[in-house]
Amino acid sequence: MPSFFDQVYAVVRQIPPGKVASYGQVAALLGHPRAARTVGWALAALRGENDSDVPWQRVINSQGRVSIRNMEHAPEEQQMLLEAEGVEFNLNGYTDWQRFGWAGLSAVELEALLAAL
DNA sequence: GCCCTGACTGCTA
DNA sequence: TTAGCAGCCAGGG
């Protein structure tokens, strides 16, 4: 039985370049619409592991903007990484959820993904 | 098993 | 748009 963390990482790895998802969206996919905080914690744990293949920068909050309280990764850095992938931000630091928001996974894809863990 | 913590969320003002 | 508040879930000590 994979831990919640493993499931979070598996889902985040499915986010294609140029797209972004919210913490709540990832949590909802895993069946826990209220576990956004835990998802954020799971991604925070990746901070030290630079060799990880999890695109943590593609996960932002529901308001469409980055919200990092981390000393090692400034919000500007995450925004810069996303812009390099094609995601645009307006002057207020908000991204266009309608254009760059990730649609998520289908029930079938999700099931196969979690089964692979 | 209890308590604390955290890169969140939705609502109200 | 920003600020304050309470509810949520899982892992670590």
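Chain letters run A, B, ... following the sequence lines, proteins first and then strands; every chain starts at 1. In what follows, every heavy atom counts, from backbone to side chain, and hydrogens, waters and symmetry copies are set aside.
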Exercise. Among the candidates B/dG6, C/dT2, B/dT9, find the nucleotide nearest to the side-chain atoms of A/R37.
Key: B/dG6
Exercise. In whole angstrom, give the distance that lies between atom CG of A/L46 and atom P of B/dG6.
Key: 17 Å
Quiz item: CG of A/L81 versus C1' of B/dA7: gap in Å, rounded?
Solution: 14 Å
Quiz prompt | A/L43 CG - C/dC9 P separation (whole Å) | solution = 18 Å
Quiz item: Can you tell me how far C1' of B/dA7 sits from CD of A/Q25, to the nearest Å?
Solution: 16 Å
Quiz item: How close or far is atom C1' of B/dG10 from atom CD of A/Q63, stated in whole angstroms?
Solution: 10 Å
Quiz item: Around atom CZ of A/R34, are there more than 12 heavy atoms of other residues, nucleotides or ligands at under 6.0 Å?
Solution: no
Quiz prompt | Flag, side chain of A/Q78 to backbone of A/Q57, donor-acceptor distance under 3.5 Å | solution = yes
Quiz item: Which nucleotide, C/dA10, C/dC8, B/dT9, lies nearest any side-chain atom of A/N61?
Solution: B/dT9
Quiz prompt | Nearest to side-chain heavy atoms of A/S62, which nucleotide of B/dA7, C/dC9, B/dT9 | solution = B/dT9
Exercise. Rounded off to whole Å, could you give me the CD-to-P distance for the A/Q7 and C/dA10 pair?
Key: 10 Å
Exercise. Using a cut-off of 6.0 Å, state whether more than 12 heavy atoms not belonging to A/E111 lie near its atom CD.
Key: no
Quiz item: OP1 or OP2 of C/dC8 sitting under 4.0 Å from any side-chain N/O of A/H32?
Solution: no
Exercise. Quickly work out the A/Q78 CD to B/dA7 C1' distance and round it to whole Å.
Key: 8 Å
Quiz item: Side chains of A/E109 and A/Q14: donor-acceptor distance under 3.5 Å anywhere?
Solution: no
Exercise. To the nearest Å, give me how far apart CZ (A/F4) and C1' (B/dG6) are.
Key: 13 Å
Quiz prompt | Candidates B/dA7, B/dT9, C/dT1 - which lies nearest the side chain of A/Y94 | solution = C/dT1
Quiz item: Does any N or O donor sit under 3.5 Å from an N or O acceptor when you compare the side chain of A/R34 with the base of B/dG10?
Solution: no
